[in-house]
Amino acid sequence: GAGVSQSPSNKVTEKGKDVELRCDPISGHTALYWYRQSLGQGLEFLIYFQGNSAPDKSGLPSDRFSAERTGGSVSTLTIQRTQQEDSAVYLCASSSRQGGVADTQYFGPGTRLTVL
Amino acid sequence: GNSVTQMEGPVTLSEEAFLTINCTYTATGYPSLFWYVQYPGEGLQLLLKATKADDKGSNKGFEATYRKETTSFHLEKGSVQVSDSAVYFCALPNSGYSTLTFGKGTMLLVSP
């Protein structure tokens with residue numbers, strides 16, 4: 001079946017512009033995660049959605065970052081007034097969450113964001 | 001909070017060599033432990049996991065044993081192939097058990 005998809009695959013923007021990154025999780029997965037992968041820094045957790053519960057936003061690095069998940073499916077990560085340090089690969093993952101966090105997380109291919 | 005530390009790369013090996021990538025963890029209790037792999041140009045995928053102490057996870061010839069005495073979950077493979085060239089991430093649940101905390105990744109380069 002279809003895996004997690006993300007769009008765009010690459011995004012180049014100018015400092016100060018807003019960007020939106022999209023994630024389509026696997027159908028039926030109730031949990032959705034956003035991570036940021038910077039060179040040499042591993043994966044940094046950003047935000048987590050589980051069903052209709054309030055999202056866990058504890059990983060968002062600043063108030064310029066926000067995310068929403070519409071209809072329990074598609075999610076959009078928005079970065080306002082982008083800065084050069086926002087340049088990274090943004091990864092989305094989903095899981096069924098039936099077994100708690102021990103469930104396998106299925107990752108999308110990521111969006112590479114470059115802020116000039 | 002929960003954390004993992006894994007050896008820095010790159011690890012460079014010849015085909016058929018033995019592989020060990022070290023991973024140690026700090027955690028409250030005994031959470032599940034994971035190894036994820038990221039092949040060039042692809043997203044992360046689960047390689048193997050172990051859900052309790054002394055468990056051994058295995059997949060594609062890779063193995064890792066959950067050792068609570070040494071708080072380790074080292075990844076091993078007896079004979080690597082060129083196709084194993086990838087970045088390997090050790091991971092465990094965060095303190096709130098809401099998501100995973102990943103190590104910084106170890107790049108493996110296997111030459112023919």
Side-chain angles (χ1 to χ4, degrees), chain A residues 2-7 9-10 21 23-26 29-51 53-60 67 88-112, chain B residues 1-10 21-25 27-53 55 57 59-60 66 73 86-107:
Chain A
V4 177
S5 61
Q6 294 185 245
S7 61
S9 55
N10 282 284
L21 312 180
C23 172
D24 281 90
I26 292 173
H29 278 188
T30 58
L32 187 147
Y33 311 82
W34 282 98
Y35 296 88
R36 179 167 68 176
Q37 185 177 22
S38 303
L39 190 63
Q41 297 299 313
L43 271 74
E44 174 189 11
F45 165 70
L46 297 178
I47 189 169
Y48 156 60
F49 296 89
Q50 171 55 34
S53 302
D56 177 354
K57 304 179 181 180
S58 60
L60 294 178
V89 176
Y90 289 81
L91 294 170
C92 176
S94 70
S95 74
S96 64
R97 195 68 185 185
Q98 292 178 357
V101 75
D103 272 1
T104 298
Q105 293 189 16
Y106 294 85
F107 282 80
T111 294
R112 182 175 297 278
Chain B
N2 294 354
S3 65
V4 291
T5 302
Q6 59 182 107
M7 61 189 292
E8 291 189 19
I21 299 179
N22 291 338
C23 171
T24 57
Y25 67 89
T28 302
Y30 301 104
S32 297
L33 301 175
F34 304 81
W35 276 101
Y36 276 78
V37 59
Q38 186 176 30
Y39 297 103
E42 299 183 15
L44 275 77
Q45 56 186 274
L46 179 69
L47 179 59
L48 54 84
K49 67 180 181 183
T51 58
K52 60 183 186 294
D55 263 5
N59 185 26
K60 299 182 180 180
Y66 189 160
F73 193 54
V87 181
Y88 293 82
F89 295 88
C90 187
L92 81 170
N94 67 348
S95 303
Y97 279 76
S98 60
T99 186
L100 294 176
T101 296
F102 289 83
K104 292 188 176 182
T106 302
M107 179 177 288

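Throughout, a chain's letter reflects where its sequence line sits, starting with A, and its residues are numbered from 1.
The shortest heavy-atom contact between B:Y36 and A:Q105 is OH-N, 3.1 Å. When all heavy atoms are compared, the tightest approach of B:F89 to A:L43 is CE2-CD1, 3.6 Å.
More than 12 heavy atoms of other residues, nucleotides or ligands sit less than 6.0 Å from atom CE of B:M7. Around OH of B:Y30, the count of heavy atoms belonging to other residues, nucleotides or ligands within 6.0 Å does not exceed 12. Enclosure of atom CD in B:E42 by more than 12 non-hydrogen atoms of other residues, nucleotides or ligands within 6.0 angstrom is indicated.
Atom CG of residue B:L46 and atom OG of residue A:S95 lie 11.5 Å apart, to the nearest 0.5 angstrom.
The shortest side-chain heavy-atom distance between B:Q38 and A:F107 does not fall under the 4.5 Å cut-off. Between B:K49 and A:T104 the shortest side-chain heavy-atom distance falls below 4.5 Å.
Looking at A:Q6, neither its backbone nor its side chain comes within 4.5 Å of chain B, counting heavy atoms on both sides.
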Verdict with supporting geometry, B:T99 and A:D56, side-chain contact (heavy atoms from CB on, under 4.5 Å): CA-CA 10 Å; B:T99 186; A:D56 177 354; 5.8 Å; no
